[in-house]
Protein chains: 2
Amino acid sequence: MSSIRYALLTLLAREPLSGYDIKLQMNGRLGPFWKVGSNQVYPELSKMEAEGLVKLQGVEQLTYRPAKKLYEITPSGRDVLVQWTLEPAGVENVRDDFLLKAFNSWLIEPDQMKAQVEAIRKQHEERLAEYTAKIAELTPRVDPSNPHDPLASTISVVDFGVRYERLYLDWCDHLLKNV
Amino acid sequence: MSSIRYALLTLLAREPLSGYDIKLQMNGRLGPFWKVGSNQVYPELSKMEAEGLVKLQGVEQLTYRPAKKLYEITPSGRDVLVQWTLEPAGVENVRDDFLLKAFNSWLIEPDQMKAQVEAIRKQHEERLAEYTAKIAELTPRVDPSNPHDPLASTISVVDFGVRYERLYLDWCDHLLKNV
DNA sequence: TTGTCCATGTAACCAGTTACATGATTAC
DNA sequence: GTAATCATGTAACTGGTTACATGGACAA
């Protein structure tokens with residue numbers, strides 16, 4: 001897995017953002033993505049600024065509020081991002097505690113397992129609803145004549161999320177039948 | 001995400017293993033799981049031994065080879081594992097570099113993206129074949145009369161893997177159509 | 001002779017989480 | 001008066017990756 005560096009550049013390639021904005025976009029649910037903490041975002045932005053991948057576009061100061069530092073991507077930052085995007089990717093392992101718990105289901109009673117599956121199923125149902133709503137919101141705003149519309153890329157990724165949540169629900173149903 | 005501690009106990013609950021065996025089982029592909037390095041396994045086993053979750057069952061010494069330390073789970077280790085398995089789980093984020101690259105697809109040419117998708121698709125196809133073979137191998141060995149057969153739990157998890165790889169392939173095909 | 005397998009382990013480093021700190025403002 | 005939001009940042013800790021070290025056996 002690569003550093004969060006590319007995740008930051010990915011968002012900045014679309015629009016100028018502050019560290020705080022980046023945190024919101026990542027920890028909110030624009031796609032089934034990363035989480036980041038402030039301790040990663042702010043130092044990384046400073047580093048990238050020093051390396052010229054990003055530059056301070058301006059500071060928004062609303063008197064009573066802390067100053068907001070808006071960063072924009074530089075041409076060289078964009079190059080680095082494009083370069084990375086073109087590098088071949090590898091398969092990532094799924095790391096999900098619930099899979100490990102399911103692997104241990106033989107240790108517990110079927111009723112207990114059933115309760116566990118139902119609990120996780122509910123949470124994934126909620127995510128599915130969020131992703132579906134997001135797709136419904138974005139789809140009419142895509143410009144189909146533009147092969148470089150970022151929204152189309154966003155939808156592809158959220159679509160992955162929808163498919164993933166559906167798979168999770170199907171799998172849960174399958175477990176419930178066999179338990 | 002929880003510590004590898006539970007991953008180690010999960011494997012030891014089924015059979016006594018050495019640190020090396022654990023590494024092989026995890027980094028090989030019994031399920032779509034964790035990877036671990038020796039630097040995590042050996043110290044963690046020592047810690048767990050000190051806490052009485054695990055104990056040294058014996059040492060296998062084949063003259064010319066390094067001594068192999070076999071650990072087995074203790075009743076208290078089993079308790080801890082069962083307790084953890086019964087704790088409610090949360091939804092885990094999918095963290096896959098390729099999703100981030102797909103999110104950047106608007107930055108590159110459709111042809112370049114097509115090549116990227118085809119490359120990752122191939123790798124996921126291979127994984128699917130592995131998982132399918134694993135299921136075919138395990139299924140006839142399950143004891144259906146035993147509701148606590150660990151093999152059934154293993155199959156459930158590998159089945160998740162199969163479904164996941166199918167989803168990935170479908171999604172790739174969908175991308176290839178729209179690019 | 002170069003490399004891989006066996007089996008243990010250590011060292012150095014990078015990534016990620018949780019918690020804390022500031023300080024004004026708004027909402028309950 | 002308590003908590004949340006905005007926006008920056010630091011500190012301490014845990015988790016994870018990569019590389020290295022030993023040393024005999026065996027295969028290309």
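Each chain gets a letter, A, B and so on, in the order the sequences are listed, and its residues count up from 1.
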side-chain hydrogen bond (donor to acceptor under 3.5 Å, both in side chains) partners of residues 9-21 of chain B, not counting sequence neighbours, each pair once: A:N104-B:T10, B:R14-B:T154, B:E15-B:Q25, B:S18-B:D21, B:D21-B:K68
All side chain to side chain donor-acceptor pair (under 3.5 Å) counterparts of A:E137, not counting sequence neighbours: A:R141
Could you list, one pair per line, each protein nitrogen or oxygen that sits under 3.5 Å from a nitrogen or oxygen of nucleotides 21-25 of chain C, together with the distance?
none

Listed partners of B:P16 passing side-chain contact (heavy atoms from CB on, under 4.5 Å), at least two apart: B:Q57, B:E72
Whole-Å gap separating P (C:dC6) and CG (B:L70): 15 Å
Distance, rounded to the nearest Å, where A:K35 contributes NZ and D:dT14 contributes P: 21 Å
Which residues share a salt bridge (charged side-chain N to carboxylate O under 4.0 Å, His left out) with A:K122, sequence neighbours left out: none
Heavy-atom side-chain proximity of B:V157 to A:L100 below 4.5 angstrom: no
Relative orientation of the end axes in the helix from C:dT1-D:dA28 to C:dC28-D:dG1, expressed as an angle to the nearest 10° (five pairs per end): 30°
Integer-rounded Å distance: C:dT17 C1' and A:M26 CE: 16 Å
With A:R163 via salt bridge (charged side-chain N to carboxylate O under 4.0 Å, His left out) - residues at least two apart: A:D159
Sorted by number, the residues of residues 39-46 of chain A with heavy-atom contact under 4.0 Å to DNA chain D: A:N39, A:Y42
A:S18 side-chain proximity, nearest of C:dT8, D:dT8, C:dG16: D:dT8
Residue whose nearest DNA chain C nucleotide is more 5′ - B:D21 or A:K47: B:D21
Integer-rounded Å distance: D:dC6 P and A:I22 CD1: 16 Å
Separation of atom CZ in B:R95 from atom C1' in C:dA15, rounded to whole Å: 8 Å
A:N27 side-chain N/O to A:V36 backbone N/O, donor-acceptor pair under 3.5 Å: yes
Nucleotide C:dC5, atom P - distance to CG of B:N27 in whole Å: 13 Å
Contacts of type side chain to side chain donor-acceptor pair (under 3.5 Å), residue B:E125, not counting sequence neighbours: B:R121
Candidates C:dC6, D:dG9, C:dT10 - which lies nearest the side chain of A:K69: D:dG9
side-chain N/O B:Y20 vs C:dC6 OP1/OP2, d < 4.0 Å: yes
For atom CZ of A:R5 and atom C1' of C:dC14, their distance in whole Å: 13 Å
B:K68 NZ - D:dG24 C1' separation (whole Å): 17 Å
Set of residues satisfying side chain to side chain donor-acceptor pair (under 3.5 Å) with respect to B:Y168, sequence neighbours excluded: B:D96
Short side-chain to backbone donor-acceptor contact, A:D149 and A:D143, under 3.5 Å: yes
Contacts of A:D79 that satisfy salt bridge (charged side-chain N to carboxylate O under 4.0 Å, His left out) - sequence neighbours left out: none
Partner set under salt bridge (charged side-chain N to carboxylate O under 4.0 Å, His left out) for B:E51, not counting sequence neighbours: B:R5
